[in-house]
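Both ligands and their constituent atoms are indexed starting at 1 by order of listing. Hydrogens, waters and symmetry mates are skipped; everything else that's a heavy atom, side chains included, is used.
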Amino acid sequence: MTQSRQQRASAQPSHDAGLGAIDRPVPVGVNAPAFGSDVVADALRATDIPYIALNPGASYRGFHDSLVNYLGNERPQMLLCLHEESAVAIAHGYAKVTGKPMAAAVHSNVGLMHATMAIFNAWGDRMPMVILGATGPVDAVKRRPWIDWIHTAADQGALVRGYTKWDDQPASPVAAREAVLRAAWIASTAPRGPTYVNLDAGMQEAKLEQAVPPVDAQRLMPPVESAPKPDLVRRAAGLLRSARQPVIMAGRVSRDPGAWDARVRLAEGLNARVVSDLKVACAFPTDHPLHAAPPAVTAPAPEMLETICQADVILSLDWLDLAGTFRHGADVSAKVVQVSLDHQLHNGWSMDYQGLPPVDLLLACEPDVAVPALLDALGPGKPQAVPEAKPSQFTPQGDKLTVDHMAVALRKAVGERPCSLTHVSLSWNGASWPFRHPLDYLGSDGGGGVGGGPGISVGAALALKGSGRLPVAVCGDGDFLMGVTALWTAAHYRIPLLMVIANNRSFFNDELHQERVARMRNRPVENRWVGQRISEPDIDLAAMARAQGAIGFGPVKEIKDLARTFDDAIAAVEAGNTVVVDVRVEPGYAAAMTAQMTRKGD
Ligand SMILES: Cc1ncc(C[n+]2csc(CCOP(=O)(O)OP(=O)(O)O)c2C)c(N)n1
Ligand SMILES: [Mg+2]
């Protein structure tokens, strides 16, 4: 943190997606911190955060200058975004792949207001990020007339306090340094989430009166590991060992391949059925013979509920909404072992903690810690006969182009390439695409905030750049249109990404809600589309991609055109481009979801 500029330049970045040559400033030769914001920039570099996605603003012009002219726009490198919501969503997607925080910078109260939904999505998804904001000078004497006054609010952090882990408004450079380090530390500590540091414009712009004494940043951010007492692990193992029908509910887990293999070993050793969920990233091979049912977002498949109801012992690996899932299943009589740290995050503002689940034994740690401990406690045991794998047959119905036809053609075009689904549309059918690696599917937006898909996918694609994995996003047209300008950031920083739009020309989810209300009230369901359809005029989604420097294909309207278009699109992504394919799909959701959403009554 007090190292010379030469030393700073020689340190290796922790991550390099080859963006370094983009947006190079002229060298300035500044080598000692001279302003408050230089100290903040040094602190950010000490966290090892590689990128800072931002939309600019005068409230942090001092900090902006420090990033460009003091740090030289590297470690962290700026990623310019056209909307604060995409800046935060990009950080969110990056964390989904790496498990690590990126930074985002947003301007005063107004930029933070734009960012809020994306912050809520990241919070709901338990993803780490450090958000740097700013306020007009707290000292009113220093405020410029009008603009500094409208961009100053008392307690700006209150805008996001209900869905961030921690926030601060430090009053001096030394306090700001500590705040940035604490923000990175808290964000990265499980249960993870966004943190917010609000930088006073006056503090940023003031000249340093004296040299700032150095600190050892790493010692201020000690890694936190939580482990359950061995006795609790033994008791949990005992319950699982004596179970006749154990079931593992695989929820929020890491992207670590070793931890993935350990979960498979645990399930096979116990001969436990496993269920998983599309609300979170994949946690278990979905075509493994022990995987009970295709994962879903809101409507669990009947086979999944049956599996849970038949269980005598359930091991929940931080399952999202255990109480709600049990309510779907109605008749759950199993003993429940819960592995989660999530209770540490719950607050009085956001109810995203869900219903209070019945739990017989809680292992307060991350699933990645609990599973190896359980494997140890269980020992080798008797070899179990794992059932034969059933060949998975997924055949789309009918001859009109549906999301299922689109998924099958896309998967065929992807072929044997390693591929990450960075996002799926609400209309996605979990049976259409098996997951076999922890990066095969990255989960949903976390907070149900539509518009997150494009930014999250750009952030995930940034993290995957150079990894050999093809990033594929499937977004609804509504989701795409709300977050579309994230594409410019991908095009500018040359981030390869295939974004396929399941374009039903509607906010279709809500057509089903209106249908349900109409049924409950005995009113005409034919009117469900009014105030929902995005047509007349149809929007040229591919042109919206092209307008921002991406490549656009479509609209594809016929099943027969899908294969060739996806082949061409993938070739363009492999040549380094950001690519959008607009596919006109018939409105409709998977049968279980439609049935659940349109049923008469509560
Ligand atoms: C910010 C926000 N606005 C509105 C909603 C309500 N909403 C939930 S799903 C949905 C429709 C999304 O449309 P699209 O992405 O096209 O998916 P489709 O339902 O058509 O498959 C809407 C408007 C929301 N969840 N978030
Ligand atoms: Mg739609």
Side-chain angles (χ1 to χ4, degrees), residues 83-86 88-89 92 113-125 160 163 278-279 296-299 350-352 400-407 410 421-430 432 443-457 473-487 499-517 528-542 544-545 554-557 580-598:
H83 195 293
E84 288 82 355
E85 205 170 275
S86 46
V88 172
H92 180 174
M113 287 169 183
H114 258 185
T116 48
M117 188 202 77
I119 299 174
F120 181 69
N121 273 348
W123 162 268
D125 209 16
V160 294
Y163 42 100
L278 280 185
K279 289 193 284 301
V297 178
T298 51
S350 175
M351 306 290 145
D352 71 295
K400 290 198 170 145
L401 200 171
T402 63
V403 176
D404 288 350
H405 289 101
M406 185 190 85
L410 183 57
L421 282 178
T422 60
H423 189 265
V424 295
S425 59
L426 287 163
S427 50
W428 189 255
N429 183 341
S432 66
S444 74
D445 42 51
V450 171
I456 287 170
S457 299
V474 178
C475 296
D477 49 325
D479 187 35
F480 177 77
L481 287 164
M482 285 195 201
V484 66
T485 56
L487 282 176
M499 190 173 290
V500 178
I501 315 304
N503 181 6
N504 51 20
R505 290 177 289 164
S506 174
F507 290 106
F508 181 73
N509 177 76
D510 290 87
E511 290 197 38
L512 293 185
H513 283 295
Q514 294 318 126
E515 176 173 335
R516 182 161 170 202
V517 173
R528 69 177 198 183
W529 61 273
V530 177
Q532 315 275 4
R533 287 284 161 104
I534 313 171
S535 59
E536 297 175 23
D538 287 338
I539 302 177
D540 187 343
L541 304 184
M544 293 181 89
V556 181
K557 296 178 179 170
V580 170
V581 182
D582 173 8
V583 181
R584 291 272 175 88
V585 295
E586 286 294 306
Y589 282 173
M593 185 145 160
T594 309
Q596 192 208 34
M597 289 182 71
T598 55

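Side-chain N or O atoms of S86 include none that pairs as donor or acceptor with a backbone N or O of A89 at under 3.5 Å. In this structure, N504 contributes its side chain and D477 its backbone to no donor-acceptor pair below 3.5 Å.
Between G478 and ligand 1, a contact under 3.5 Å exists for at least one N or O pair. Not one N or O of F507 is nearer than 3.5 Å to an N or O of ligand 1, by distance alone. Residue G449 places no N or O, backbone or side chain, under 3.5 Å from any N or O of ligand 1. For the pair G448 and ligand 1, the shortest N or O to N or O distance falls below 3.5 Å.
Here the side chains of S427 and F508 are not in contact, with every heavy-atom distance at 4.5 Å or above. Between D479 and P454 the shortest side-chain heavy-atom distance falls below 4.5 Å. Contact check for T402 versus N429: no side-chain heavy atoms found under the 4.5 Å cut-off. Inter-residue side-chain proximity for M544 and L487 is flagged as unmet; no heavy-atom pair is nearer than 4.5 Å. For the pair L481/L541, a side-chain contact is recorded, criterion being any heavy-atom separation below 4.5 Å from C-beta on. No side-chain heavy atom of I456 sits less than 4.5 Å from a side-chain heavy atom of T422.
Between N121 and H92, the side chains place no donor N or O within less than 3.5 Å of an acceptor N or O (distance only, hydrogens not considered).
For the pair OD1 of D477 and O of S506, the angle whose vertex sits at the Mg ion (ligand 2) is 110° to 10 degrees.
Protein heavy atom at the shortest distance from atom 2 (C) of ligand 1 is V450 N, 3.7 Å. Of all protein heavy atoms, the one closest to atom 18 (P) of ligand 1 is Y589 OH, 3.3 Å. Here the protein heavy atom with the shortest distance to atom 15 (O) of ligand 1 is D479 N, 2.9 Å. The single protein non-hydrogen atom nearest to atom 8 (C) of ligand 1 is N509 ND2, 3.5 Å, given as residue, atom name and distance. Here the protein heavy atom with the shortest distance to atom 6 (C) of ligand 1 is D510 OD1, 3.9 Å.
Of all atoms in ligand 1, numbered sequentially from 1 with element shown, those under 4.0 Å from a heavy atom of F508 are 18 (P), 19 (O), 20 (O). Ligand-side atoms of ligand 1 in range of M117: 1 (C), range being under 4.0 angstrom from any heavy atom.
Residue-level proximity to ligand 1 for N504 is carried by the side chain, the only part with a heavy atom below 4.0 angstrom. At a heavy-atom distance under 4.0 Å, only backbone atoms of S506 (N, CA, C or O) approach ligand 1. Counting heavy atoms under 4.0 Å from ligand 1, residue L426 touches it through the side chain alone.
The aromatic rings of H83 and H114 sit parallel to each other, their planes meeting at less than 30°, with 60° as the upper class boundary.
Going from atom CD of E586 over to atom NE2 of H405 covers 10.0 Å, rounded to the nearest 0.5 Å.
Using a 4.0 Å threshold on non-hydrogen atoms, atom 4 (C) of ligand 1 does not count as touching the protein.
S425 lies apart from the Mg ion (ligand 2) in this respect, since none of its N, O or S atoms is found at a distance under 2.8 Å.
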